[in-house]
Q: 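First the structure, which I've put down as structure tokens, then a few questions once you've had a look.
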Amino acid sequence: MIKPLLRYFTMITVSLLFSACTYVSPWEKGTLARQEMMLAPDPLEERLRDHVFYAKEASSSGSAVSGGGCGCN
């Protein structure tokens, strides 16, 4: 009973791990490099959002943004 269940679980796990792997052809790389495909399409807006977030949270990130918690720097 345990061996078939373990085999089934292993097959499901392996199939899920390899389902996202794909080969990108050279002619498709231009499409993937477009600005719309970025996680943050507008870098200036992302920096502003980071600045507001870290100023309100009174913490700092990997960038040079820091704040005092009240929103005033």
Side-chain angles (χ1 to χ4, degrees):
M1 173 81 181
I2 293 179
K3 275 196 169 188
L5 185 62
L6 182 63
R7 187 177 306 163
Y8 179 72
F9 180 71
T10 304
M11 288 173 46
I12 295 292
T13 305
V14 169
S15 66
L16 287 175
L17 286 174
F18 289 116
S19 65
C21 298
T22 184
Y23 176 75
V24 178
S25 302
W27 57 85
E28 295 174 325
K29 291 180 182 179
T31 305
L32 294 174
R34 290 175 45 193
Q35 189 171 4
E36 295 88 21
M37 298 295 285
M38 295 174 55
L39 291 175
D42 189 9
L44 185 60
E45 183 180 347
E46 186 66 24
R47 287 188 64 200
L48 176 65
R49 197 174 287 161
D50 280 346
H51 176 75
V52 170
F53 176 76
Y54 291 116
K56 289 185 177 192
E57 292 292 322
S59 63
S60 63
S61 66
S63 62
V65 178
S66 64
C70 63
C72 53
N73 292 337

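If you're wondering where the values come from, they're calculated on a predicted model, not measured in any experiment.
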Q: Please list, chain by chain and in numerical order, all residues satisfying side chain to side chain contact (heavy atoms under 4.5 Å, CB included) with Leu39, sequence neighbours excluded.
A: none

Q: Hey, could you give me the CG/CD distance between Asp50 and Glu45, rounded to the nearest 0.5 Å?
A: 11.0 Å

Q: Quick check: is Leu16 connected to Tyr8 through a chain of hydrophobic side chains (ILVMFWY, heavy atoms under 4.5 Å apart)?
A: yes

Q: Any side chain to side chain donor-acceptor pair (under 3.5 Å) pairs touching residues 27-42, not counting sequence neighbours?
A: Arg34-Glu36

Q: As an exercise, state the distance from CD1 of Ile12 to CG of Leu17, rounded to the nearest 0.5 Å.
A: 11.5 Å

Q: Taking side chain as C-beta onward, heavy atoms only, is Thr13 less than 4.5 Å from Phe9?
A: yes

